[in-house]
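Here is the structure we will look at, set down as structure tokens.
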Amino acid sequence: MTAEEKNIPKSYDPQAVEANRYEWWLEQNLFKATEEEGKESYSIVIPPPNVTGNLHMGHALNLSIQDALIRRKRMQGLNTLWLPGMDHAGIATQARVEAMLRQDGISRYDLGREKFLEKVWEWKEKYADTIRQQWSKLGISVDYSRERFTMDEGLSKAVRTVFVKLYDKGLIYRGKRIINWDPAQRTALSDIEVIYKDIQGKLYHMRYPFEDGSGAIEVATTRPETMLGDTAVAVHPEDERYQGMIGKLLDHPITGRKIPVIADEYVDKEFGTGVVKITPAHDPNDFEMGQRHNLEQIVVMNEAGQMNENADKYQGMDRFECRKQIVADLQEMGVLFKIEEHAHSVGHSERSGAVVEPFLSTQWFVKMQPLADAAIDLQKGDDAVNFVPDRFERTYLQWIENIRDWCISRQLWWGHRIPAWYCDHCGETIVTMDDPTSCTKCGHDALRRDEDVLDTWFSSALWPFSTMGWPEQTKDLDTFYPTSVLVTAYDIIFFWVARMIFSALEFTDKKPFEDVLIHGIVRAEDGRKMSKSLGNGIDPLDVIEKYGTDALRFMLLNGTAPGNDQRFQFERVESARNFANKIWNASRFVMMNLGEDFTYQGANGFAKLGTAEKWILHRLNATIQDVNARMEVYDFGGAGSAIYEFLWNEYCDWYIELAKMPLNGDDAQAKSTTLNVLVYVLDQSLRLLHPFMPFITEEIWQALPSTAAGASIVTASYPAFDAKWEDAQAEKEMGLLMDIIRSIRNTRAEMNVPPSRPITLLIKAKDSDTEAILTRGESYIRRFCNPEALTISTDVAVPEKAVSNVVTGAELFLPLAGLIDIDAEIARLEKEKKKLDGEVERIEKKLNNQGFVAKAPAEVIETEKAKLADYADKRATVISRIEELRG
RNA sequence: GCGACCGUAGCUCAGAGGGAGAGCACUACCUUGACACGGUAGGGGUCAUAGGUUCGAUUCCUAUCGGUCGCACCA
């Protein structure tokens, strides 16, 4: 049956190839984890996407990498698990739902906690569906039977267990601290949720008068509105300028409060006037100084960033409005005498973008030092987590070595509610697994649960083991934990990777993963980040619709250099799509030639292997070795290129062309061998490529005569290197023949002799060995070069008028009647000679260098000598040809 | 201030202590019975700059210039 009869379209159509295939895989249960006794395990937990919206190009890259890894290991026969799931993403999701409600003029307070949470769950279900839809489009082979959500019952239990254990151990505490406050979301943030941006601000210089009328002291501030909470002014204890003033009282210019001048080492004498106003409730450094000097903490704002009752006449104003007003008032009073431009960085909320306010409030914290110490010990020991690329280990260590306590309470509703209750009767705090009904201390039932929820990352930190059933001791934990590798972008090393490591050490006594593979981000074509605000994001689904999932995946994986960013370019997707088309057509060629009576026998059918067959099998084997080696070290770009080059430049460009001879010839055995080789190599190549391009490889594989009925490439064995296919002789012979063929094509092109015009071709072999190779390959030369007469010999009668070319081992002559200009030919050969002169000279210089001969490794010297002999040989041939022509 | 990364063909990027590579773009020819999403042949780079290590550096080290990012500070 021919390809036309089978209706194989001439062009690859990704839509047709990819339709329904994913569902078919799922029906066959091919992605379900296997847990067979005695088999090695390989597991990955997905970095759970937020249920806030659609997956972006970064997800597509992240998932393509993981899928390539897990598909290969699955094909290699390991027990594999790729566990999918999603993250509730506290602040992000709540913000999205609140924004949605706001369009209807509803606030979360209008609904109340319970009703509001119902809305969020609805939202979550909707987006979870969208995400699953996108996963299926990307073709990722996750085990849906194990899908988890961070707020599942099981995972919630894990969270509560961890909270209670850490609390009981004294590693979780509640305290009144300066934290990063997001006035837009009205919640506390952890340090890493604050993004610092450089802002051109202003530095305001003011005079605070001494109460005794003895002049004034000059202070500078960037945030004049906080002066309402000033409770001191500080100078450096050794600053001569202010020695007499320490301890004196000042009249605060606005509040009239009497505030002291204090001395503290923290103050930088060089900055500004060397005097700082101290606002303990609104600045972390001032807070610490305030504690050292027992200063009063006056909070002057409310949770929304508006001035509160401590702000006198400014009460009710927004903080920035207040700044303007205070500046105006102070200028009028003559207190503010100078405004300078001042560049400084200002913290913004990662989620809402609001300017973060350092804010004094009562929050829950994780005491980090003991947890960090364990993580550091692990990394300094023999069983460290393997970061790929390893430079990220330094990034990680630097952070964990300088870690500060982690603020984990959030004033939100969407999330894991903190399992703490307060007794209104005796004031006791109760932290427990089960909801208490009465106070453990006084027995009273006037219990009030803490309103706050936990930082999203608190639950994410448990992901590798909570998803497998922890704190229960499950079979999944036995088989698949610790996981093999965690794949993520570098932007969440601190948020997530670090926290998983110390959590896992604390609660499972094991590191959560052997390797951490850190990849870059996918940037827009111009190198900028893809972002919603810039509107330069590219939706993976749009790309898939036009070019197919396989093209997108291959482009993303092939562009991956470990840890480096890549730019998204449509030309690169197009190139990947063209590759898919090339494979499609090569396969189509194979199908078209199979014929009704052909029975695939695999290697048993290799009865009459020619040089080309031996060569392609050798090259396939070398490619398999290369690809496997590269995949083991996460070199997806290298592995992808190796397959690309093999399939396109060797299988298609050379082997298929050469195969046409036996396929169209009379030798039934040669024809059958060729078909077996064509199918075998294609089959193996498809398996090799399957982790990169799952759809097209399955589609073609299903049509191959080598495929057993009902089998899927998903669980076919992955190709492995086998020394029996190594064939140096075939490599050498094909190398020589390819050199000659290319050389002739080159001459034809340069002399404008079209391929359709037959030529006379004389090949002078260097020795009888080479002559034998060329004679064996005569049909190959005929196939590509269209000679009307072909002479191969160690001794050919060279016509006077002929273009000559020299390759390693042979000299070629093309007597092209009417086209040869002797002078031009001499000039061309002179140019060739000059090139060879350069090569010879370079290597001679090297070999004449005593230092080189004495110190370079023997094999390097040998290859240099061989190169020299080859170049010198070629040069001698060219010279003698020039002399012949000159007569 | 500390740290990391990058600077290679017109563009986007691989690479490696011993003859500079890919994709796209470009030039010429080819509508050849798998494929024009194709074929064949070609042009194009003192591998940012200056030192150093080495028999040998585009690759390793140092400095400089240019770019990106993270952390800390920021009255």
Side-chain angles (χ1 to χ4, degrees), chain A residues 3 8 10-12 192 196 198 201 203-205 219-223 226 233-234 266-268 271-279 283 285-286 342-346 389 391-392 394-395 398-399 402 490-491 493-494 520-521 525 527 547 551 555 558-561 563-572 574-593 635 637-638 641 644-645 652-653 656-657 660 664 742 745-750 752-756 784 786 839 842-843 845-846 849-857 859-861 863-864 867 871:
Chain A
I8 304 178
K10 198 170 163 182
S11 267
Y12 157 69
I192 49 177
Y196 287 90
D198 287 332
L203 188 59
Y204 303 89
H205 293 260
V219 300
T221 181
T222 53
R223 298 198 304 146
T226 64
V233 158
Y266 166 77
V267 180
D268 179 357
F271 192 95
T273 56
V275 185
V276 200
K277 63 180 205 58
I278 304 299
T279 319
D283 181 282
N285 296 310
D286 292 7
H342 178 69
H344 61 147
S345 54
V346 177
R391 62 188 149 93
F392 289 108
R394 286 189 66 175
T395 310
Q398 207 176 336
W399 185 74
N402 295 294
Y490 52 69
D491 52 357
I493 293 177
F494 305 144
I521 59 172
E525 197 141 359
Y547 298 95
M555 171 266 180
N558 217 27
T560 301
N564 286 6
D565 293 349
Q566 66 172 302
R567 299 193 193 192
F568 186 93
Q569 286 178 293
F570 278 104
E571 298 92 84
R572 290 180 49 227
E574 212 169 289
S575 160
R577 191 271 321 265
N578 294 351
F579 177 46
N581 184 58
K582 189 73 182 178
I583 297 166
W584 182 260
N585 277 292
S587 308
R588 197 165 152 264
F589 170 81
V590 174
M591 304 298 169
M592 283 169 68
N593 281 283
D635 178 7
S641 304
Y644 180 98
E645 279 165 23
C652 291
D653 287 353
I656 284 186
E657 290 309 319
K660 287 174 183 172
N664 297 325
R742 274 190 281 249
R745 283 167 167 172
N746 175 305
T747 304
R748 272 183 176 278
E750 275 184 9
N752 273 319
V753 182
S756 53
F784 289 109
N786 190 19
E839 299 288 359
R842 186 176 56 77
I843 301 173
K845 202 175 146 193
K846 202 179 239 189
N849 180 337
Q850 289 307 311
F852 176 74
V853 180
K855 297 192 178 178
E859 56 178 60
V860 172
I861 296 172
T863 52
E864 290 298 320
K867 278 193 278 183
Y871 286 128

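Only this structure's heavy atoms are used, side chains among them; waters, hydrogens and symmetry mates stay out. In what follows, every chain begins at residue 1, and chains take the letters A, B, ... in the order their sequences are listed.
When heavy atoms are screened at a 4.0 angstrom cut-off, A:P755 is found touching no nucleic acid atom at all. Within the nucleic acid shown, A:S641 has no heavy atom closer than 4.0 Å to any nucleic acid atom. Residue-level contact check: A:E859 touches neither bases nor backbone, having no heavy atom under 4.0 Å from any strand. Among the heavy atoms of the strands, none lies under 4.0 Å from A:F579. If you check every strand for non-hydrogen atoms under 4.0 Å, A:E574 touches nothing. Residue contacts for A:V275: at a heavy-atom cut-off of 4.0 Å it reaches a base atom on one of the strands shown. Using a 4.0 Å heavy-atom distance criterion, A:R742 is classed as a sugar-phosphate-only contact. Using a 4.0 Å heavy-atom criterion, one finds that A:L203 contacts the sugar-phosphate atoms exclusively. Among the atoms of the strands shown, none is found under 4.0 Å from any heavy atom of A:D286.
Contact annotation: A:N564 side-chain N/O to B:A14 OP1/OP2 distance is under 4.0 Å. For A:K845, no side-chain nitrogen or oxygen approaches OP1 or OP2 of B:C55 to under 4.0 Å. Taking 4.0 angstrom as the limit, A:R572 places none of its side-chain polar atoms (N or O) nearer than this to OP1 or OP2 of B:G23.
Taking the six-membered ring where the residue is Trp, A:Y490 and A:F392 present parallel rings, their angle staying beneath 30° rather than reaching 60°.
Comparing atom distances between the A:K855 side chain and each of B:C37, B:U54, B:G38 picks out B:U54 as nearest.
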What dot-bracket string describes RNA chain B from 5' to 3', counting Watson-Crick and G-U wobble pairs whose defining distances are under 3.5 Å, with [ ] for crossing pairs and | for pairs to another strand? ((((((((.[[[[.)..(..]]]].(((((.......))))).....[[[[[..)....]]]]])))))))....

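Residue A:K582 places a side-chain atom within donor-acceptor reach of the base of B:C35, judged by atom type and a 3.5 Å distance cut-off alone. Between the side chain of A:S345 and the base of B:C73 there is at least one donor-acceptor pair of N/O atoms closer than 3.5 Å.
B:G44 sits 15 Å from B:A9 when the P atoms are compared, rounded to a whole Å. Separating the C1' atom of B:C69 from that of B:C26 is a span of 35 Å, rounded to the nearest Å.
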